[in-house]
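Encoded as structure tokens, the structure appears first; notes follow it.
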Amino acid sequence: MINELKNVPELRFSNFCDEWVNYKLGEIVDIRGRIGFRGYTKSDIINKEDGGVLTFSPTNIIYNKLKNTVHDTYITKEKYEESPEIMVKTGDILFVKTGSTLGKSTLVANLNEEATVNPQIVVMRAKVFFHQKFTSTYLTLNKILRQVAQTRIGGAIPTLTESEIKKFQVSFPVYEEQQKIGSFFSKLDQQIELEEQKLEKLEEQKKGYMQKIFTQELKFKNSQLENIKWSYKTLEELNSFFTDGNYGESYPKSEDMSDKNDGVAFLRGSNLKKGRITLEDANYISKKKHSELTTGHLFLDDIVIAVRGSLGAVGYVNENMVGNNINSQLAIIRTSNSLLYGKYLLYYLMSNQGKKELLSRVTGTALKQLPIKQIKQIKVPVPKLHEQHKIANFLSELDNLIDNQTEKIELLKERKKGFLQKMFV
């Protein structure tokens, strides 16, 4: 019973049995923010190629990792040297103190260029006898995020003061145990990163294949078809059927909405992701209302397309999605099976060529949309039907590999989450 009250984690490495010690975060790290910053002038910002110094912002912290983006800001060496207190070094921890991603943080590993931070970030540097990786991992715990939520100030732009950050309550073991735990999570993070790199390669490979297939640079071996150029026809010429989710006066009202157990999914643009239809955060309508809105019922091999909002997003109706319905943001393309295979059309619309053709049909300025009359005019390359199936099956196999890799990463992340809960106080 006494042991249950000790300040110790559920899971530990052998040879460690001492209680963890409570500290304030300011006792663990030096916290450095930009002093007297008044913003960058136009002359302070230059190109990287001209000797610019990278300035990290919250957008560089993605899932507790530090990544460069296309929107990175670079400042002059003179401006950089004005604030030596926030020059970023390998081993530092960047912590977001202002903005919508308040509380995000990451360890800076293997920094190979000079860098600083913008005013939304503070630089934390672990003091002697406190391990960098252990400290950075600790800062991602729910215990810290709860303290962020409790002490933040401001409304539209939430903020933490450096004095409040220093007061955050933390519990640390002896340095040797910190080192063991830090090393353990470093290896786990490296494994996750390696698997994520494999996923990126698979996705790039799929993109490359689609580019080459739909330009006929890459063809399936068939002596009779190798030299045949595909013809282009509009979806209307290919006898496709079109309908959308504009149900007029019958459009569902609040009393027609239901839940997952008793209703039918009422899909919107956010339910279309990477060619798939997901029911994550889906809305549901009553079965009675669904039976009235027959034009929006989904059939196998249908293509669902966003005509408002996330314009051009597409999703394929497989066996699991048959029978659901669509809202006013979406439309359905139902191909003639004797002329055009739905899944082949899906991959074409996801390719660079297909996206360009599709988005060229967008109308409107303030309120952009993709009218059905424009969708009908989308031109599609039309190989023989059996070749369409070959192409779709080939790309589907790549999707299966991508799904398996994604699942592997999610399992690793869940594993990490479990260890975080059990190995920290």
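Count residues from 1 along the sequence. The structure presented is a predicted model; accordingly, all values stated were derived computationally and were not measured.
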Item to complete: Quick one: pull up CG in Leu370 and CZ in Arg308 and give me the separation to the nearest 0.5 Å.
Response: 9.5 Å

Below 3.5 Å, can you tabulate the donor-acceptor pairs from side chains in residues 245-257 to any protein atom, sequence neighbours excluded?
unit_1: Asn246; atom_1: ND2; unit_2: Asp244; atom_2: OD2; d: 3.1
unit_1: Tyr247; atom_1: OH; unit_2: Asn325; atom_2: OD1; d: 2.5
unit_1: Tyr247; atom_1: OH; unit_2: Ile326; atom_2: O; d: 2.8
unit_1: Tyr251; atom_1: OH; unit_2: Ser328; atom_2: N; d: 3.2
unit_1: Tyr251; atom_1: OH; unit_2: Ser328; atom_2: OG; d: 3.4
unit_1: Asp256; atom_1: OD2; unit_2: Lys253; atom_2: N; d: 2.9

Worksheet item: Between CZ of Phe56 and CG of Asn118, what distance do you get to the nearest 0.5 Å?
Response: 11.0 Å

Item to complete: Can you measure from CG (Leu238) to NZ (Lys376) and round to the nearest 0.5 angstrom?
Response: 13.5 Å

Worksheet item: Rounded to the nearest 0.5 Å, what separation is found between the CG atom of Leu401 and the CD atom of Glu203?
Response: 12.0 Å

Worksheet entry | Smallest separation among heavy atoms of Ile391 and Pro383, with atom names | CD1-CG, 4.5 Å

Worksheet item: Who pairs with Glu397 by salt bridge (charged side-chain N to carboxylate O under 4.0 Å, His left out), at least two apart in sequence or on another chain?
Response: none

Practice prompt. Answer yes or no: is there a side-chain heavy-atom contact under 4.5 Å between Val317 and Ile332?
Written response: no

Discussion item. My understanding is that only residues two or more places apart in sequence, or in another chain, count here; which of them pass ring-ring contact (aromatic ring centres under 6.0 Å, His included) with Phe184?
Written reply: Phe419

Worksheet item: How about Met210 and Leu398: do any of their side-chain heavy atoms sit closer than 4.5 Å?
Response: no

Fill in: Ile45, CD1 atom: more than 12 neighbouring heavy atoms under 6.0 Å
yes

Worksheet item: Checking side-chain contact (heavy atoms from CB on, under 4.5 Å) for the pair Lys48/Leu54: CA distance, chi angles, key distance, verdict?
Response: CA-CA 8 Å; Lys48 179 181 180 179; Leu54 177 60; over 6 Å; no

Worksheet item: side-chain hydrogen bond (donor to acceptor under 3.5 Å, both in side chains) between Tyr341 and Asn393: does it pass, once the steps are laid out?
Response: CA-CA 11 Å; Tyr341 178 35; Asn393 291 342; 4.5 Å; no

Worksheet entry | Check: Ser183 side chain, Gln179 main-chain N or O, donor-acceptor pair, under 3.5 Å | no

Practice prompt. Would you confirm whether Glu85, through its side chain, and Arg34, through its main-chain N or O, come within 3.5 Å as a donor-acceptor pair?
Written response: no

Worksheet entry | Gln374 side-chain N/O to Thr363 backbone N/O, donor-acceptor pair under 3.5 Å | no

Worksheet entry | Asp403 versus Thr406, side-chain donor and acceptor atoms under 3.5 Å | no

Worksheet item: Judged by atom type as modelled, is there a donor-acceptor pair below 3.5 Å linking the side chain of Glu237 to the main-chain atoms of Thr234?
Response: yes

Worksheet item: Are Tyr80 and Thr55 close enough that a side-chain donor and a side-chain acceptor fall under 3.5 Å?
Response: no

Worksheet entry | Closest non-hydrogen atom pair, Leu102 against Lys97 | CD1-O, 2.9 Å

Worksheet item: Any idea which heavy atoms bring Leu420 and Leu141 closest together, and the distance?
Response: CD2-CD2, 3.9 Å

Item to complete: Could you tell me whether the side chain of Ser258 and the main chain of Ile285 form a donor-acceptor pair under 3.5 Å?
Response: no

Fill in: Polar side-chain atom of Glu357 near backbone of Lys379 as donor-acceptor pair, under 3.5 Å
yes

Item to complete: Would you tell me whether Tyr316 and Asp301 have side-chain atoms, one donor and one acceptor, within less than 3.5 Å of each other?
Response: yes

Practice prompt. Take Asp72 and Thr69 through the test side-chain hydrogen bond (donor to acceptor under 3.5 Å, both in side chains) and record every step on the way to the result.
Written response: CA-CA 6 Å; Asp72 284 344; Thr69 75; 3.1 Å; yes

Worksheet item: Thr106 versus Ser136: any side-chain heavy-atom pair under 4.5 Å?
Response: no

Discussion item. So Leu66 and Leu94, do their side chains get closer than 4.5 Å, heavy atoms only?
Written reply: yes

Item to complete: Please lay out, stage by stage, how Asp44 and Thr41 fare under the test side-chain hydrogen bond (donor to acceptor under 3.5 Å, both in side chains).
Response: CA-CA 5 Å; Asp44 292 327; Thr41 63; 3.0 Å; yes

Worksheet entry | Sidechain N-carboxylate O distance under 4.0 Å for Lys390, Glu387 | no

Discussion item. Within the structure provided, determine whether Phe13 and Met423 are in side-chain contact (heavy-atom separation under 4.5 Å).
Written reply: yes

Worksheet item: Taking C-beta and beyond as the side chain, do Asp189 and Asn64 meet within less than 4.5 Å on heavy atoms?
Response: no

Item to complete: Would you confirm whether Ser240, through its side chain, and Ile333, through its main-chain N or O, come within 3.5 Å as a donor-acceptor pair?
Response: no

Practice prompt. Report the C-alpha distance between Ile181 and Thr137 in whole Å, list the side-chain angles of each, state the deciding distance to 0.1 Å, and finish with yes or no for side-chain contact (heavy atoms from CB on, under 4.5 Å).
Written response: CA-CA 9 Å; Ile181 295 171; Thr137 305; over 6 Å; no

Worksheet item: What do the steps show when you test Glu292 against Lys288 for salt bridge (Lys or Arg N to Asp or Glu O under 4.0 Å), and what is the final call?
Response: CA-CA 7 Å; Glu292 295 173 15; Lys288 180 176 182 298; 3.2 Å; yes

Worksheet item: Is there side-chain contact between Ile144 and Val170, with at least one heavy-atom pair below 4.5 Å?
Response: yes

Worksheet item: Does the pair Lys201 and Glu204 meet the rule for a salt bridge (Lys or Arg N to Asp or Glu O under 4.0 Å), with working shown?
Response: CA-CA 5 Å; Lys201 285 182 181 177; Glu204 284 299 313; over 6 Å; no

Practice prompt. Step by step, work out the salt bridge (Lys or Arg N to Asp or Glu O under 4.0 Å) result for Glu177 and Lys180.
Written response: CA-CA 5 Å; Glu177 189 172 1; Lys180 276 265 189 184; over 6 Å; no

Worksheet entry | Closest heavy-atom pair and its distance - Gln388, Val382 | NE2-CG1, 3.8 Å

Worksheet entry | Donor-acceptor under 3.5 Å (Glu164 side chain, Thr151 main chain) | no

Worksheet item: So do the side chains of Ile409 and Lys413 get within less than 4.5 Å of each other, counting heavy atoms only?
Response: yes

Worksheet item: Can you check whether Tyr344 and Phe214 have ring centres sitting under 6.0 Å from each other?
Response: yes

Fill in: Met87 side, atom CE; Leu111 side, atom CG - distance, nearest 0.5 Å
12.5 Å

Worksheet entry | Expected output: side-chain Gln353 to main-chain Gln211 donor-acceptor under 3.5 Å | yes

Practice prompt. Quick one: closest heavy-atom pair of Ile86 and Val117, and the distance?
Written response: CD1-O, 3.7 Å

Worksheet item: Is a side-chain N or O of His297 found less than 3.5 angstrom from the main chain of His290, in a donor-acceptor match?
Response: yes

Fill in: Partners passing ring-ring contact (aromatic ring centres under 6.0 Å, His included) against Phe424 (at least two apart in sequence or in another chain)
Phe134, Tyr138, Phe185

Fill in: Residues which pass salt bridge (charged side-chain N to carboxylate O under 4.0 Å, His left out) with Glu195, listed by chain and number, not counting sequence neighbours
Lys198, Lys408

Practice prompt. Sequence neighbours left out, what passes ring-ring contact (aromatic ring centres under 6.0 Å, His included) with Phe130? Give chain and number order.
Written response: Tyr23, Phe172

Worksheet item: For the atom pair CD1 (Ile93) and CD1 (Ile28), what is the distance rounded to the nearest 0.5 Å?
Response: 10.5 Å

Worksheet item: What is the minimum heavy-atom distance between Tyr209 and Leu395, and which atoms define it?
Response: CB-CD2, 4.3 Å

